[in-house]
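As the structure is a computational prediction, the values presented were derived from the model and not from experiment. Throughout, protein chains are lettered first and strands after them, A, B, ... in sequence-line order, and every chain is numbered starting at 1.
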2 protein chains.
Amino acid sequence: MTNIKKVSELAGVSTATVSRTLKSPDQVSAATREKVLEAVKAAGYRPNWLASSVKSGRSNTIVVLVPNLVNPFFMRIIGGIEQAAQEKGFSVLLGDTQGSPEREHEYASMVLTNRADGLIQLEHSFPFSAADADLAGDLPMVSVCERIHSEKKYPVIELDNYAASRALAHHLLGYGHKHFAAIVGQVSSQIYRERLAGIRSVLQEEQIPFEQNQITGGAYTIEAGIAGATHLLSQSVRPTAIFCFNDDIAIGAVHAIKKAGLRVPEDISVVGFDNIKVSAFIDPPLTTVDQPAYDMGRRAVEVLVSQIRGEPLARSKEVLPFQLIERESSGPAPV
Amino acid sequence: MTNIKKVSELAGVSTATVSRTLKSPDQVSAATREKVLEAVKAAGYRPNWLASSVKSGRSNTIVVLVPNLVNPFFMRIIGGIEQAAQEKGFSVLLGDTQGSPEREHEYASMVLTNRADGLIQLEHSFPFSAADADLAGDLPMVSVCERIHSEKKYPVIELDNYAASRALAHHLLGYGHKHFAAIVGQVSSQIYRERLAGIRSVLQEEQIPFEQNQITGGAYTIEAGIAGATHLLSQSVRPTAIFCFNDDIAIGAVHAIKKAGLRVPEDISVVGFDNIKVSAFIDPPLTTVDQPAYDMGRRAVEVLVSQIRGEPLARSKEVLPFQLIERESSGPAPV
DNA sequence: CAACACAATGTAAACGTTAACATTGGAACA
DNA sequence: TGTTCCAATGTTAACGTTTACATTGTGTTG
């Protein structure tokens, strides 16, 4: 191992001078600087990051807790996180939790052991185990999309899900639809409640019924979309428009509807959420709500880093703008 | 900061005893152990990971270099990496390079500065800058899918691309196709050469011509698939079967073909590579080659970790099995 | 009962770096 | 020429842990 001492001997200076040459070059004279840099090159020296971190007490690392890696929407968020983190000199530890609380705890505890400085949570659960809950007092943590279910308020970067689903509902009402259904993702989440409330508020204004048996689902997957659509098609009253709570569900729903011999949107309109890449290129292209996933990731890092630096946070909730993307999976209600 | 010293004072023992209680509990007496653990709990002590790592010189961290995060195939590999890493006690630093050499260097140099112990490369470039090339002598590094272009041979986990494209070619020949085209991904890569060679070898056996003007492409994206298919459709002789070098390209190609008023597979058969999730649910479901992405990731970690541990590696190249998935995007050639 | 072994614990040095403080020497100025 | 100041460098203690070595005490054995 080539360490700073070896370099200092090679250059005939003290270790402090070597350290200074690399960290704050203007504190050493030009002559010494050159001498040291030459020795650094000759020895092939690279400062040991672990050692400097243990001194500073900062690892300049953030952990991202994500339920799974195949969801392209999450990956776009993580792309934004990664980019912003790099710009700010942080690196990103990937925590694929697969929804398991044990894994969540394990990753979250990295920030208790100085392995990371902060934590971005893409789920809504409080990621610390009961044993660590008290230690986690005011640890830097930010959540994206979903508010973290905890006593203490952690900052959250989210979409206006209420307004977004109202926009979708208005869009479909404009096409004359009267029979709605929804295939929701994970139940018992903030998103679930807000989106459903948005839809309900619009339909209520038009006095269109929207009962529990018009709501199905349980996961944000293509398979759940297939199962949900299949279930809805078997109902006595077939819906003419289906809200899907993400694009994967919508892709599954479209697949199942077409497989059942019906057409989208002629027989049934389908709308999604997220605007993942592939949604624009399936048949028919999906009407959906664009979430600024990349920016959400970026913003999360900015908020987290200022939390790490101990700066007071302006507000504990940031709502980013959405955009309704009208494509061909939605159209006039059948007569 | 609650450190080991505070705990040792609280328990009335030395710091060494505290350390031993936590690392090798059988070396301390039951009475002391209990006393110490109580103090640990009372103080809310968690050992500082940075400090132990600087002692051991190992960070138990690996860096994964990935060109982009939206490609679901890469994400499945990373899922496998993440899983295997966790089982082996390693954590995963995400290095989204966006194809930029500077970023590659930056991430790769983490392993030179003890920020990480090893490196998994999902691209084929040698990720170290010219300045660091000599230092990178025998650093633990493994590549997945693509051989790293370097003098030293690094282990590679890959698919038998030659055999896989032969299988696809035979599949299409069995349907009576005579006019082929290919939309390739990144040119000048190992994958590009091997797959093309596989296709060529089969077509040559049947004395079917396959010229350069039947080959197009340049990126592994949906957009490249659209552009490629559009280009191919404008040729004087329209192909009846198109090899796409990944499923994203195939999705784009199918989109463009349908948009041009043609049908898949009745007019043109389209086959892909990777078997990403959505491929089974688009219209028509995609015939493709399943790559065991998850297992490739897992295997990469196993090889990398044994490299980190200094164990000699059995072989520098591992070829994992593929599987031809026949779906509905390929069919009989039009008459 | 002496000699020894061994289990349990303490002491202190190390890991590689950084930074507070100390020292040096030369320039500027009266 | 003596004082002051400051830039440049060195010395050394820290960061929080682990561990080699030293010490203690207890039990075993001849």
Please name the pair of heavy atoms, one in A:P67 and one in A:D96, separated by the smallest distance, quoted to 0.1 Å. O-OD1, 3.4 Å

I need the minimum non-hydrogen distance between A:A43 and A:L10, along with the two atoms involved. CB-CD2, 4.2 Å

salt_bridge(B:E302, B:R299) N-O dist < 4.0 Å: yes

What is the distance, rounded to the nearest whole Å, between atom [atom1] of [X] and atom [atom2] of [N]?
{"X": "B:R58", "N": "C:dG16", "atom1": "CZ", "atom2": "P", "answer": "13 Å"}
{"X": "A:K23", "N": "C:dA20", "atom1": "NZ", "atom2": "P", "answer": "14 Å"}
{"X": "B:N114", "N": "C:dC15", "atom1": "CG", "atom2": "C1'", "answer": "11 Å"}
{"X": "B:I4", "N": "C:dA13", "atom1": "CD1", "atom2": "P", "answer": "18 Å"}

Under 4.0 Å: is that the gap between some side-chain N or O of B:S14 and OP1 or OP2 of C:dT11? no

With no hydrogens and no angle check, just 3.5 Å: does a side-chain donor-acceptor pair link [X] and [Y]?
{"X": "A:D132", "Y": "A:S109", "answer": "no"}
{"X": "B:R103", "Y": "A:Q83", "answer": "yes"}
{"X": "A:E102", "Y": "A:S100", "answer": "yes"}

Nucleotide interval of DNA chain D bounded by contacts with chain A (heavy-atom cut-off, under 4.0 Å): D:dA8 to D:dC15

Looking at B:Q121, B:E158, B:H124, which one forms a side-chain hydrogen bond (donor to acceptor under 3.5 Å, both in side chains) with B:R147? B:E158

Per atom distances to the B:K55 side chain, the nearest of C:dC15, C:dG10, C:dG16 is C:dC15

Side chain to side chain donor-acceptor pair (under 3.5 Å) evaluation trace for B:E104 with B:T97: CA-CA 6 Å; B:E104 262 195 327; B:T97 65; 5.2 Å; no

Close approaches to DNA chain C from residues 25-53 of chain B, in residue order (heavy atom, under 4.0 Å): B:V28, B:S29, B:T32

